[in-house]
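Every chain is numbered from 1 and lettered A, B, ... according to where its sequence line falls, protein lines coming before strand lines. Here the structure is a predicted model, which is why all the values come from computation and not from measurement. The basis for the numbers below is simple: all heavy atoms, side chains too, and nothing from hydrogens, waters or symmetry mates.
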Amino acid sequence: MCGRFTLRIDGELISIEWGWTKRLPTHPRFNIAPTQPVWAVRFENGEAKPVELRWGLIPSWAKDPAIGNRMINARAETLVEKPAFRQAFVQRRCLVLADGFYEWQGKGKGPKQPFWFSRADGGLLTFAGLWERWISPDGEPVETCTIITTKANETLRPVHERMPAIIASADRPVWLDCTNPVPVVTPMLAPAPDDLLVATPVSAAVNSPSNDGPGLIEEATPDEAPSPDLRLL
DNA sequence: CCAGACGTTGTT
DNA sequence: GTCTGG
DNA sequence: CCAGACGTTGTT
DNA sequence: GTCTGG
């Protein structure tokens with residue numbers, strides 16, 4: 001799945017990549033957690049526009065917004081049949097901006113080992129997402145999103161069975177344009193190519209969402225740097 | 001018809 | 001809002 | 001995802 | 001154990 005990620009890339013570079021004239025006002029993040037605002041891209045009037053959305057989708061019909069605290073992921077395989085996601089999949093697709101994400105490798109006993117996955121070239125990742133607008137009892141709109149997950153590729157598999165669906169650069173405008181029907185965009189939710197990402201073991205300090213800094217993804221010292229453990233398959 | 005649920009992961 | 005269950 | 005809370009009454 | 005919060 002995908003329950004924690006990073007976005008350290010300078011907003012200037014992100015804007016250049018998307019052709020936006022203003023610098024995206026981001027600051028480096030090393031531990032983005034559910035319920036926090038995340039940077040996303042969605043189509044408005046036929047153009048890709050940046051927007052901040054709360055991570056954790058609150059369906060429009062929800063009475064208690066706390067339901068969003070656990071709606072942080074949506075399984076690609078069941079999007080079309082789940083009432084909470086079906087309409088958003090057709091009408092409200094977005095891309096969540098990231099440059100890495102964390103997965104925890106469960107161990108038989110003892111603590112879990114977290115790994116950070118990022119592009120070998122350090123580039124931007126765009127997670128397939130859905131967004132929703134919920135109106136609070138006060139009439140205040142709250143815009144939220146969820147990250148779509150898919151089967152793990154070979155790089156992830158030693159660590160975890162699921163991974164975020166990563167939309168390739170060339171597919172980004174097609175995914176975002178909701179005039180494109182579901183059958184056109186569904187194949188984009190396949191696991192990423194095995195050579196896209198590299199795994200880095202990281203400190204358990206990442207476990208706590210209150211820790212956020214460059215130290216989280218520094219290489220562990222060699223004598224305590226585990227590789228993804230194939231014996232746990 | 002109305003009432004009630006609507007989600008994911010991982011673990012057992 | 002929309003679907004499932006009774 | 002992990003971390004941390006999880007309850008009431010009454011009194012100050 | 002289960003739910004809420006970040």
A.B. asks: Could you give the distance separating B:dT11 and D:dC1 at their C1' atoms, to the nearest angstrom?
C.D. replies: 15 Å

A.B. asks: Identify whether any heavy atom of A:T35 sits under 4.0 Å from a base atom; if not, whether one sits that close to sugar-phosphate; answer base, sugar-phosphate or nothing.
C.D. replies: base

A.B. asks: Classify A:I72 by what it touches in the nucleic acid, base, sugar-phosphate, or nothing, heavy-atom distance under 4.0 Å.
C.D. replies: base

A.B. asks: Under 4.0 angstrom, heavy atoms only, what part of the nucleic acid is A:P34 near: base, sugar-phosphate, or nothing?
C.D. replies: base

A.B. asks: Minimum heavy-atom separation for A:L176 to A:A48, with atom names?
C.D. replies: CD1-CB, 4.1 Å

A.B. asks: Checking all strands, does A:W104 fall into the base, sugar-phosphate, or nothing category for heavy-atom contacts under 4.0 angstrom?
C.D. replies: sugar-phosphate

A.B. asks: Hey, do the aromatic rings of A:F43 and A:W175 have their centres closer than 6.0 Å?
C.D. replies: no

A.B. asks: Give a yes/no verdict on a cation-pi contact between A:R93 and A:W131, requiring under 6.0 Å between NZ or CZ and the six-membered ring centre and an angle within 45° of the axis.
C.D. replies: no

A.B. asks: How far, in whole Å, is E:dG6 from B:dG4 if one measures between their C1' atoms?
C.D. replies: 30 Å

A.B. asks: On a whole-Å scale, what distance lies between the P atoms belonging to E:dT2 and D:dT9?
C.D. replies: 26 Å

A.B. asks: May I have the step-by-step check of salt bridge (Lys or Arg N to Asp or Glu O under 4.0 Å) for A:R42 and A:E132, ending in yes or no?
C.D. replies: CA-CA 12 Å; A:R42 64 184 176 189; A:E132 186 59 87; over 6 Å; no

A.B. asks: Determine whether the aromatic ring centres of residues A:F117 and A:Y102 are separated by less than 6.0 angstrom.
C.D. replies: no

A.B. asks: Sticking with atom P, work out how far D:dG10 lies from B:dC2, rounded to a whole angstrom.
C.D. replies: 43 Å

A.B. asks: In whole angstrom, give me the gap between the P atoms of B:dC6 and D:dC6.
C.D. replies: 26 Å

A.B. asks: Have a look at A:N73 and say if it touches a base, only the backbone sugar-phosphate, or nothing, with a 4.0 Å heavy-atom cut-off.
C.D. replies: sugar-phosphate

A.B. asks: Determine the contact category for A:S210: base if any of its heavy atoms lies under 4.0 Å from a base atom, sugar-phosphate if only primed atoms, P, OP1 or OP2 are that close, otherwise nothing.
C.D. replies: nothing

A.B. asks: Which part of the nucleic acid, if any, lies within contact of A:T146, taking any heavy atom under 4.0 Å across all strands shown: a base, the sugar-phosphate backbone alone, or nothing?
C.D. replies: nothing

A.B. asks: Are A:I167 and A:V90 co-members of a hydrophobic cluster defined by side-chain heavy atoms under 4.5 Å apart?
C.D. replies: yes

A.B. asks: Is E:dT2 paired to anything, Watson-Crick or G-U wobble with both distances less than 3.5 Å, and if yes, which nucleotide?
C.D. replies: D:dA5

A.B. asks: Give me the first and last nucleotide of DNA chain D, going 5' to 3', that has any atom under 4.0 Å from a heavy atom of chain A.
C.D. replies: D:dC1 to D:dA3

A.B. asks: When we call it a touch if two heavy atoms are under 4.0 Å apart, what does A:Y102 touch: a base, just sugar-phosphate, or nothing?
C.D. replies: nothing

A.B. asks: Are the charged groups of A:D212 and A:R29 less than 4.0 angstrom apart, N to O?
C.D. replies: yes

A.B. asks: Could you check whether A:E44 pairs with A:R92 (Lys NZ or Arg NE/NH1/NH2 to Asp/Glu carboxylate O, under 4.0 Å)?
C.D. replies: no

A.B. asks: Please list, in 5' to 3' order, the outermost nucleotides of DNA chain C lying under 4.0 Å from any heavy atom of chain A.
C.D. replies: C:dG1 to C:dC3

A.B. asks: Using the ring-ring contact (aromatic ring centres under 6.0 Å, His included) rule, pick out the option among A:W39, A:F101, A:W55, A:W116 that qualifies with A:F5.
C.D. replies: A:W55

